[in-house]
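Input: a single structure, listed below in C-alpha cells.
Start at 1 with the first residue, then count along the sequence. In listed order, ligands and their atoms are each counted from 1.
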Amino acid sequence: MKEELDPFKIAQQQLDDAAEIMKLDKTAHALLREPMRTVTVNFPAKMRDGTVKTFTGFRVLYNNARGPGKGGIRFHPEEKLDTVKALSAWMTWKCSLANIPFGGAKGGVICDPKSMNAVELENVSRGFIRAVSSFVGPYIDVPAPDVYTNSQVMAWMLDEYEKIYRKNEPSFITGKPVELGGSEGRFDSTALGGMYVLREAAKLLKLDLKKCKIAIQGFGNAGEFAFKIATELAGAKVVAISDSRGGVYSEKGLDFDKLAQAKEKTGSVQGFEKAEKITNEELLQMDVDVLIPAALENQITAANADKVRAKLVLELANGPVTPEADKILFERKILDMPDFLVNSGGVIVSYFEWAQDRAGYFWSEQEVNQKLEKVVTKSFADMVKTQKKYGESGRRIPPRMGAYIVALERVAYAMKLRGWY
Ligand code: NAD
C-alpha cells in the first residue's frame with residue numbers, strides 16, 4: 001500500500017492516534033479534526049510591466065479557544081490549501097504545548113517570489129493583507145513570516161494593515177524588523193529553541209554533546225543557525241550538511257565560516273571543496289549521533305526509516321517524518337523529537353514580540369533567550385511526563401504522542417470552559 005503523504009491527512013492521522021490513546025471526548029475530537037475557518041481570497045497586484053495579475057491566497061484559522069490565531073504566511077508557487085490547513089493544525093498544537101496564549105493559524109499565497117522583483121513582492125504582500133484584513137488582527141489572528149517571506153514582507157504588511165485601520169498596531173504581525181517593534185532574538189529563535197531540546201534529549205540518552213556527531217539536512221534559516229549554535233554553544237561536531245543541490249561530509253567536522261563562505265560564493269554548500277560530496281539520501285543515513293532534518297516535509301518515510309543510523313532525530317523542519325516512519329523509528333528505539341516541540345522557538349519569541357508590542361516595553365536579547373529557554377525546557381518536561389504517565393499504565397508511547405496529548409488536553413479544556421461541548 002502506498003504511504004499517505006498528504007500533509008493534512010497526516011495531521012489528522014496524528015490527531016486520531018493521540019485522541020485514541022488519551023480517550024479524547026468524541027465531540028472535542030470532531031471539532032479538532034477540521035479548521036474553524038478557511039478563507040480563500042483572489043486579489044489583484046500590479047506587475048513591473050504595468051499589467052495586473054490575479055493572485056490566490058489562503059488564511060486558515062484552525063482553532064482559537066486558547067487565544068487569537070497565530071501562524072506564518074508562506075509565498076510559494078505550489079502552495080496548497082491542504083498544506084496550509086495542516087500547518088495551521090500543527091501551529092495550534094505548538095502554541096498549546098508551549099502554553100502560550102494563542103490558537104493556531106497559517107496563511108499562504110500562490111506566487112513565485114524568486115521570479116518577482118521587490119516592487120512586485122511589495123504589491124502582492126499589500127494586496128494579500130487588503131484581501132484578508134477583516135480576518136486578521138492582534139486579537140483575531142496574528143501572522144508572521146514563513147517560507148519565502150521575511151521581515152521586510154512583514155513591514156509592508158504591517159504598513160498596509162495600519163493604513164486600513166488608521167492607527168499604529170505593531171502587535172498585528174510578528175517577525176517585523178526591530179525598528180518597527182520586532183523582538184530582539186527573533187532571527188535565530190527557531191534554531192535556538194531546537195538546541196534547548198537537543199540539550200534535554202541528549203541528557204535523556206546520556207549523550208555527551210561535546211563528543212556527538214551531527215548531520216543537518218538544510219542550510220536555510222533553521223539549518224544554518226542550528227549548525228552555528230550546535231558547534232559554538234554545545235561544542236558538538238557537525239560532520240554533514242546539505243541543501244537542495246546535495247550535501248557535504250567531513251569526518252573531522254565542518255567549519256561553519258568556511259562553509260558559509262563557499263555557499264555565499266557558489267550558491268550551494270556543495271561549493272565547499274574541503275569535504276566529500278554526498279546526496280541528501282546519504283545524509284539521512286549517515287552514521288551520526290544526531291540527525292537534524294531542517295529542510296522539507298516527508299524526508300524520513302517508510303522507505304528509508306529503517307536505514308537511519310542516528311540515535312536521536314531532531315525535527316527542526318515541519319513534518320519531516322511521516323507517521324509510518326515514526327512507528328519504525330519508535331520500534332528501532334531511535335528517539336525522535338517532534339517538530340512542534342523542536343521548532344517552537346520561533347513562535348515563542350513571536351509571542352514575546354506580541355507581548356512587548358502590546359506593553360510598549362522592550363527586552364534585551366539576553367532576556368528573550370532566557371525566557372525562551374524556560375518555556376522550551378518546560379514544554380519538553382511536560383511532554384516527557386505525559387509519555388511516562390502513559391508508559392506506567394502499560395502503554396509505551398512515542399514522544400510525539402506525549403506532546404500531542406499535552407497540547408490536546410489544553411485545547412480541549414479551553415473549549416470545554418467556553419461551553420463549546
Ligand atoms: P529556508 O527556505 O531558509 O531553508 C530551507 C533549506 O532547505 C535551504 O537550505 C534549501 O536549500 C534546503 N532544501 C530545499 N530542498 C531541499 C532538499 N530536497 N534536500 C535538502 N535540502 C533542501 O527555510 P527555513 O526557514 O530554514 O525552514 C526550514 C524548515 O524549518 C521548514 O520546514 C520550515 O517550515 C521549518 N521552520 C522554520 C522556522 C523558521 O523560523 N525559519 C520556524 C518553524 C519551522
Side-chain angles (χ1 to χ4, degrees), residues 7 10-11 70-76 78-79 83-84 86-88 90-91 93-95 97-98 104 106-108 113-114 143-151 153-154 174-175 182-183 185-195 197 215-229 240-248 259-260 262-264 266-272 277-284 286 291-301 304 314-321 337-351 353 372 376:
I10 290 179
K70 183 84 196 83
I73 298 171
R74 300 152 47 105
F75 282 179
H76 201 279
E78 278 147 39
E79 192 61 283
T83 313
V84 180
L87 290 161
S88 71
W90 288 324
M91 283 306 295
W93 320 138
K94 196 185 290 189
C95 293
L97 178 66
K106 204 82 185 188
K114 283 190 181 163
D146 204 273
V147 175
Y148 294 137
T149 53
N150 56 21
S151 58
V153 171
M154 297 303 106
T174 61
S183 180
R186 173 67 179 82
F187 206 58
D188 59 355
S189 53
T190 300
L192 186 58
M195 293 305 106
V197 176
I216 303 177
Q217 184 193 43
F219 197 60
N221 178 289
E224 184 171 343
F225 281 112
F227 186 151
K228 206 166 158 46
I229 299 167
I241 189 125
S242 65
D243 57 30
S244 56
R245 294 198 220 160
V248 283
L259 188 83
K263 161 101 190 184
E264 184 80 30
T266 64
S268 169
V269 292
Q270 284 217 327
F272 186 54
K277 287 194 177 39
I278 52 167
T279 64
N280 261 299
E281 202 49 41
E282 283 167 341
L283 179 132
L284 298 173
M286 305 237 75
L291 173 63
I292 307 184
L296 302 173
E297 61 282 351
N298 297 336
Q299 294 303 296
I300 303 175
T301 66
N304 62 4
L314 204 70
E315 299 179 12
L316 202 55
N318 277 313
V321 177
M337 291 287 114
D339 48 5
F340 67 99
L341 167 71
V342 178
N343 66 33
S344 62
V347 76
I348 294 167
V349 175
S350 269
Y351 160 55
E353 179 174 338
L372 173 64
V376 174

Quick check: does any side chain N or O of [X] sit under 3.5 Å from a backbone N or O of [Y], one acting as donor and the other as acceptor?
X      : Y      : answer
Ser183 : Arg186 : no
Gln299 : Glu281 : no
Glu297 : Pro320 : no

Residue-ligand contact Asn280/ligand 1, heavy atom below 4.0 Å: yes

Under-4.0 Å heavy-atom contact with ligand 1, by part of Arg245 that carries it: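 Neither; no heavy atom under 4.0 Å.
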
Leu296 contact mode with ligand 1 (heavy-atom cut-off under 4.0 Å): side chain

Where is the nearest protein heavy atom to [atom]: which residue, which atom, and how far?
atom                    : value
atom 34 (O) of ligand 1 : Asn318 ND2, 2.9 Å
atom 31 (C) of ligand 1 : Ala295 O, 3.4 Å
atom 28 (C) of ligand 1 : Ala294 O, 3.4 Å
atom 40 (O) of ligand 1 : Thr190 OG1, 2.6 Å
atom 25 (O) of ligand 1 : Asn221 CB, 3.7 Å
atom 2 (O) of ligand 1  : Tyr148 CE2, 4.8 Å
atom 27 (O) of ligand 1 : Ala222 CB, 4.3 Å
atom 4 (O) of ligand 1  : Gly220 CA, 3.1 Å

Can you list the atoms of ligand 1 that are under 4.0 Å from a heavy atom of Asn343?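 Contacts of ligand 1 toward Asn343, numbered from 1: 43 (C), 44 (C).
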
If we number the atoms of ligand 1 from 1 as shown, the ones under 4.0 Å from a heavy atom of Ala317 are 29 (C), 30 (O), 32 (O), 35 (C)

Any ion pair linking Lys263 and Asp243 (charged N to carboxylate O, less than 4.0 Å)? yes

May I have the step-by-step check of salt bridge (charged side-chain N to carboxylate O under 4.0 Å, His left out) for Lys228 and Asp188, ending in yes or no? CA-CA 10 Å; Lys228 206 166 158 46; Asp188 59 355; over 6 Å; no

Closest heavy-atom approach to atom 14 (C) of ligand 1 among Ser350, Gly193, Ser244 is made by Ser244

For atom 35 (C) of ligand 1, tell me which residue out of Val349, Leu316, Leu283 has the closest non-hydrogen atom. Leu316

For the student: nearest non-hydrogen atoms of Val248 and Gln270, plus distance: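 Looking at all heavy atoms of both residues, the closest pair is CG1-CA, 4.0 Å.
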
Using every non-hydrogen atom in the two residues, find where Val269 and Ile241 come nearest and quote the distance to one decimal.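 Closest approach of Val269 to Ile241, heavy atoms only: CG2-O, 4.0 Å.
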
Any N or O on Phe219 sitting closer than 3.5 Å to an N or O of ligand 1?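 N/O-N/O distance below 3.5 Å exists for this pair.
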
Only one of Leu296, Val147, Thr83, Asp339 clears side-chain contact (heavy atoms from CB on, under 4.5 Å) with Asn318; which? Asp339

Kindly assign one of parallel, tilted or perpendicular to the pair His76 and Tyr148, based on the angle between their ring planes and the thresholds 30° and 60°. parallel

Within a radius of less than 6.0 Å around CZ of Phe187, do more than 12 heavy atoms belonging to other residues, nucleotides or ligands occur?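 Check fails, neighbour count at 12 or below.
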
